[in-house]
Amino acid sequence: MPFPLTTTRRGFAIVAATLLPLASTLTAQAAGPEIRIAHVYSKTGPLEAYGKQTQTGFMMGLDYATGGTFTVAGKKIVVIEKDDQGKPDVGKSLLATAYGDDKADLAVGPSSSGVALALLPVAEEYKKILLVEPAVADSITGDKWNKYIFRTGRNSSQDAIANAVALDKAGVSIATLAQDYAFGRDGVKAFKDAIKKAKIVHEEYLPTTTTDFTAGAQRLIDKLKDQPGRKIIFVIWAGAGNPFKIADLDLKRYGIEIATGGNILPAMTAYKQFPGMEGASYYYFGMPKNPVNEWLVANHYKQFKAPPDFFTAGGMSAAIAVVEALKKTAGDTTTNKLIKAMEGMSFETPKGKMTFRPEDHQAMQSMYHFKIKVDPAFAWGVPELVREIMPEEMVVPIRNKR
């Protein structure tokens with residue numbers, strides 16, 4: 001049985017996973033009926049850092065969106081945490097348990113695209129909403145989509161189109177380096193579709209567990225070194241491993257640059273090697289200027305003595321979306337009423353306004369074109385904003401078969 005949400009004096013919600021007798025007592029004492037939300041994420045596993053940020057952001061988002069009450073329409077919000085460990089079979093089983101045994105009204109997650117693809121049919125089987133955050137693969141709201149799936153996280157096409165803004169110029173040759181699973185392959189496909197002027201000369205896919213990038217880097221160099229004009233290796237990578245080690249092979253002597261999108265702050269320590277590197281990011285705490293982000297940054301510093309990270313903002317966005325939908329239904333968790341409320345719904349997030357596109361339930365949202373600056377005050381390469389790429393500027397393909 002999940003522990004009901006409580007708030008500390010600092011306004012941050014906590015969920016205790018133990019002390020079951022006490023949990024039973026407090027659940028019985030909770031005023032009125034509950035809204036039960038399952039959060040399936042990588043509490044452990046290769047994407048543990050992403051999962052923990054999402055969970056922190058989700059709890060902060062519930063705090064923010066409910067004004068610290070953790071209630072909607074008089075109903076207490078209860079969050080049921082599930083650790084998928086980054087394993088599709090584990091995630092699938094946990095979501096079925098959440099919907100079936102735990103009586104979750106809806107679910108949020110997961111961290112991994114591979115896990116997300118395993119969860120989609122479970123949502124369809126139980127006829128309950130799965131709000132995907134932060135898994136990225138296009139296929140989640142594309143050919144594997146069903147009507148119970150919504151996503152606040154960006155998709156591969158949004159990443160790709162935004163990065164193409166920075167890199168797609170005539171006379172540029174690009175080779176891609178990506179992980180060999182749904183996130184990497186969908187990302188490269190979307191990037192190729194978005195590139196109109198530059199030339200893609202090679203695609204390199206490596207296992208997610210790769211630590212030695214030498215052989216892959218050599219293949220990239222061999223494909224690029226004799227190309228005329230500007231030469232770029234575009235990196236699409238998540239989780240463990242440091243693909244930026246390829247810079248150790250002295251790419252500069254071949255005139256080869258590295259480019260990539262945004263990432264979590266620990267991963268961006270590697271960006272310090274590449275001052276002036278351009279790309280596009282989903283989020284960096286210093287870029288969006290709006291009241292929600294100001295709240296997030298201030299409260300995250302207050303609680304954790306550090307800025308919010310990439311996936312913290314995503315978790316908060318997901319929580320706000322859930323609360324806004326429940327406000328629209330006056331706390332009614334009937335799936336069809338939630339779907340009707342959420343299709344076309346706009347809501348304010350740390351990234352500004354997001355809108356669920358009715359056709360595939362993908363959140364249309366801003367992205368941020370950046371250039372890396374080295375600042376001794378920060379342990380990471382600082383992405384300085386070149387410009388905000390607005391949702392209406394990005395023609396994001398509808399890839400489902402609705």
Side-chain angles (χ1 to χ4, degrees), residues 46-47 112-114 116-117 135-140 142-144 154-252 254-263 267 270-271 274 277-282 367 394 396-397 399:
L47 300 182
S112 159
S113 289
L117 292 171
V136 177
D138 266 345
S139 45
I140 294 165
D143 63 324
K144 306 297 184 194
R154 88 283 189 201
N155 67 18
S156 292
S157 287
Q158 287 166 315
D159 261 351
I161 291 164
N163 276 286
V165 167
L167 304 176
D168 189 18
K169 297 178 175 66
V172 176
S173 295
I174 301 174
T176 60
L177 170 61
Q179 287 159 311
D180 194 6
Y181 81 116
F183 166 72
R185 288 193 172 270
D186 275 21
V188 171
K189 181 183 183 303
F191 184 70
K192 285 171 62 183
D193 289 348
I195 290 293
K196 305 300 180 194
K197 298 171 187 170
K199 182 172 65 169
I200 306 288
V201 298
H202 181 65
E203 298 167 36
E204 185 69 30
Y205 297 98
L206 297 177
T208 56
T209 53
T210 300
T211 54
D212 183 354
F213 290 83
T214 309
Q218 195 56 57
R219 287 190 288 272
L220 289 162
I221 289 167
D222 289 345
K223 293 292 184 180
L224 278 171
K225 63 183 181 181
D226 297 325
Q227 297 290 336
R230 191 179 177 195
K231 300 181 274 283
I232 298 171
I233 296 171
F234 181 61
V235 179
I236 299 175
W237 202 268
N242 179 13
F244 299 100
K245 285 181 178 176
I246 63 175
D248 297 342
L249 276 76
D250 195 13
L251 300 177
K252 287 180 182 173
Y254 303 108
I256 297 172
E257 305 169 46
I258 291 178
T260 192
N263 211 321
Y271 291 19
F274 311 108
M277 179 176 73
E278 286 187 79
S281 183
Y282 167 78
M367 300 289 280
M394 293 178 277
V396 180
R399 299 183 185 274

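Note that the structure is a prediction, hence the values are computed from the model and not measured.
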Measure the CD-CD1 distance between Q227 and I256 for me, rounded to the nearest 0.5 Å. 9.5 Å

Please find the pair of heavy atoms, one from A190 and one from D138, that lie closest to each other, and give the distance. CB-OD2, 3.5 Å

Can you measure from NZ (K231) to NZ (K225) and round to the nearest 0.5 angstrom? 11.5 Å

Taking every heavy atom of D212 against every heavy atom of T210, the minimum-distance pair comes out as O-CG2, 3.4 Å

So, are D143 and R399 salt-bridged, with charged N and O less than 4.0 Å apart? no

Relative to each other, are the rings of F274 and F244 parallel, tilted or perpendicular (30° and 60° limits)? tilted

Nearest-0.5 Å distance that lies between atom OH in Y254 and atom CG in D226: 10.0 Å

Name the residue from S139, S113, S156 that meets the side-chain hydrogen bond (donor to acceptor under 3.5 Å, both in side chains) definition with D186. S139

Residues which pass side chain to side chain donor-acceptor pair (under 3.5 Å) with K189, listed by chain and number, not counting sequence neighbours: D193

Heavy-atom pair of closest approach, residues L177 and L220: CB-CD1, 4.1 Å

For atom NZ of K192, is the number of surrounding heavy atoms from other residues, nucleotides or ligands below 6.0 Å larger than 12? no

Heavy-atom closest pair, residues W237 and P207: CH2-O, 3.7 Å

Using a strict cut-off of less than 4.0 Å between a Lys/Arg side-chain nitrogen and an Asp/Glu carboxylate oxygen, indicate whether D168 and K196 qualify as a salt bridge. no

After noting the C-alpha distance and the side-chain angles of I258 and M277, does the key distance pass the side-chain contact (heavy atoms from CB on, under 4.5 Å) rule? CA-CA 7 Å; I258 291 178; M277 179 176 73; 4.3 Å; yes

Looking at residues at least two apart in the chain, or sitting in another chain, which of them share a side chain to side chain donor-acceptor pair (under 3.5 Å) with D222? Q218

Has the side chain of N163 got a donor or acceptor atom that lies under 3.5 Å from a matching backbone atom of A280? yes

E204/K223 ion pair, N-O < 4.0 Å: no

Could you go through the side-chain contact (heavy atoms from CB on, under 4.5 Å) check for I236 and V188 one step at a time? CA-CA 8 Å; I236 299 175; V188 171; 4.0 Å; yes

Under 3.5 Å, side chain of Q158 to main-chain N/O of M367, donor-acceptor pair present? no

Sub-3.5 Å donor-acceptor pair from the side chain of T260 to the main-chain atoms of V235, do we have one? yes

Close side-chain approach of R219 to I221, heavy-atom, < 4.5 Å: no

Can you list the steps and then say if I174 with F191 is a side-chain contact (heavy atoms from CB on, under 4.5 Å)? CA-CA 11 Å; I174 301 174; F191 184 70; 3.9 Å; yes

Could you give the distance from CG (L167) to CD (E257), rounded to the nearest 0.5 Å? 9.0 Å

Taking all heavy atoms of A160 and all of G187, pick out the closest pair and write down the distance. CB-O, 4.4 Å

Determine, stepwise, if the pair N155 / I140 fulfils side-chain contact (heavy atoms from CB on, under 4.5 Å). CA-CA 8 Å; N155 67 18; I140 294 165; over 6 Å; no

If you take all heavy atoms of I246 and L251, which pair is closest and at what distance? O-CG, 3.6 Å

Counting neighbours of NZ on K169 that are heavy atoms of other residues, nucleotides or ligands and sit closer than 6.0 Å, is the number greater than 12? yes

